[in-house]
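Below: one structure, written as structure tokens.
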Protein chains: 2
Amino acid sequence: MRTDETDERIIGCLLRDARSAYADIGAQVGLSAPAVKRRVDRLRAGGLITGFTALVDPAALGWTTEAFVELYCTGRTSPDAIRSAMADQPEIIAAYTVTGEADALLHVRTRDTAHLETVLERVRMAPFVQQTKSVLVLSRLIDRR
Amino acid sequence: MRTDETDERIIGCLLRDARSAYADIGAQVGLSAPAVKRRVDRLRAGGLITGFTALVDPAALGWTTEAFVELYCTGRTSPDAIRSAMADQPEIIAAYTVTGEADALLHVRTRDTAHLETVLERVRMAPFVQQTKSVLVLSRLIDRR
DNA sequence: GGTGAAACCTGACTGAC
DNA sequence: GTCAGTCAGGTTTCACC
């Protein structure tokens, strides 16, 4: 997948506002609206843009607790086993296998610490989980996703 | 900010595809296009929806390295000092102050490990940084942002 | 990459609860 | 008063050249 500077600028516009009109983007990058749409379609087909989504503020809905949870597993637990055990919990917004002592890292969002506790309990119910280590988020300093 | 079940379903549609037409969303939730737009406008005004963005796959652009970096700082370094020292590095896609031994947690994305090393060097250049502890991401198991 | 038909967005207005 | 539907206008999108 090849990409030029105009593509990058179009992506930049879409990152700022994914619902902006193609004509607006075209005005910023010096292209007509159809030309912009063609490039966006190409970027989607090429897998560079995987989709468009709304940014929802969880805090505005009362979800004020955020944590990272290290998972320590038995023997050689497969990543797939971890995924399938965690996938049914919507509070787990991201999960990674990682280097270091822990086997996996969970990114969790809950309404409050009590809610977090129930999530942790369910996480620990997976038979391969030996130990969890949680780190609470106090504040977000940077958010560039 | 009050929200009902229809609002939730509209948000669900927008999370799946932020560029879908209001008429399409309306068809899914049983509302007309103008009614959907009114609700979306209200959700944006209420701060629940903070914006719309494109989902870009960094791996497709050759950014294959992802890491979490714990920051250990001197004395009582203010969160604001950490933010301003890290904000100029686009490779840091998120930063949090956290509980536990570390003072902050950085979420970093780079092209490769060599690139990560240069980022870590610049991070360590901040005068308040005593130590960093990095954890490399091996694979993403879940991604629900 | 630029042009017309079709679809979409978005105001104001009207009616129902 | 609140919320949804209808309609008209201007705008955006998409197949075609």
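The structure displayed is predicted, hence computed values, not measured ones. Chain letters run A, B, ... following the sequence lines, proteins first, then strands; residues in each count from 1. Side-chain atoms are counted along with the backbone in the values below, which use heavy atoms only and exclude waters and symmetry mates.
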Interface residues of residues 47-56 of chain A with DNA chain C (non-hydrogen, below 4.0 angstrom): none
Ordered by number, residues from residues 17-27 of chain B within less than 4.0 Å of DNA chain C (heavy atoms) are B:A21, B:Y22, B:A23
d(B:K37 NZ, B:I10 CD1) to nearest 0.5 Å is 12.0 Å
Does the side chain of [Y] come within less than 4.5 Å of [X]'s, by heavy atoms?
X: B:Y96; Y: A:E66; answer: yes
X: A:M125; Y: A:E121; answer: no
X: A:T3; Y: B:L61; answer: yes
X: A:T132; Y: A:R124; answer: yes
X: A:L14; Y: A:V40; answer: yes
X: B:F68; Y: B:L105; answer: yes

Shortest non-hydrogen contact between A:T97 and A:P79, atoms and distance: CG2-CB, 3.9 Å
In degrees, rounded to 10°, what is the bend between the two ends of the helix from C:dG1-D:dC17 to C:dC17-D:dG1, using five pairs at each? 30°
Quick one: sort the A:W63 and A:H115 rings into parallel, tilted or perpendicular, breaks at 30° and 60°. perpendicular
Members besides A:L120 in its Ile/Leu/Val/Met/Phe/Trp/Tyr cluster (side-chain heavy atoms under 4.5 Å): A:V69, A:L71, A:I82, A:M86, A:I92, A:L106, A:V108, A:L116, A:V119, A:V123, A:F128, A:V129, A:L136, B:L141, B:I142
Expected list for residues 42-50 of chain B: side-chain donor-acceptor pairs under 3.5 angstrom, two or more places apart:
from, atom 1, to, atom 2, distance (Å)
B:R42, NH1, B:R2, O, 3.2
B:R42, NH2, B:D7, OD2, 2.8
B:T50, OG1, A:L55, O, 3.1

Contact pattern, 5' to 3', of nucleotides 3-8 of chain D - B, S or - by protein heavy atom under 4.0 Å: SBBBB-
Geometric cation-pi criterion, B:R19 with A:Y22: 6.0 Å, 45°: yes
Could you give the CG-to-C1' distance, from A:D41 to D:dT12, as a whole number of Å? 14 Å
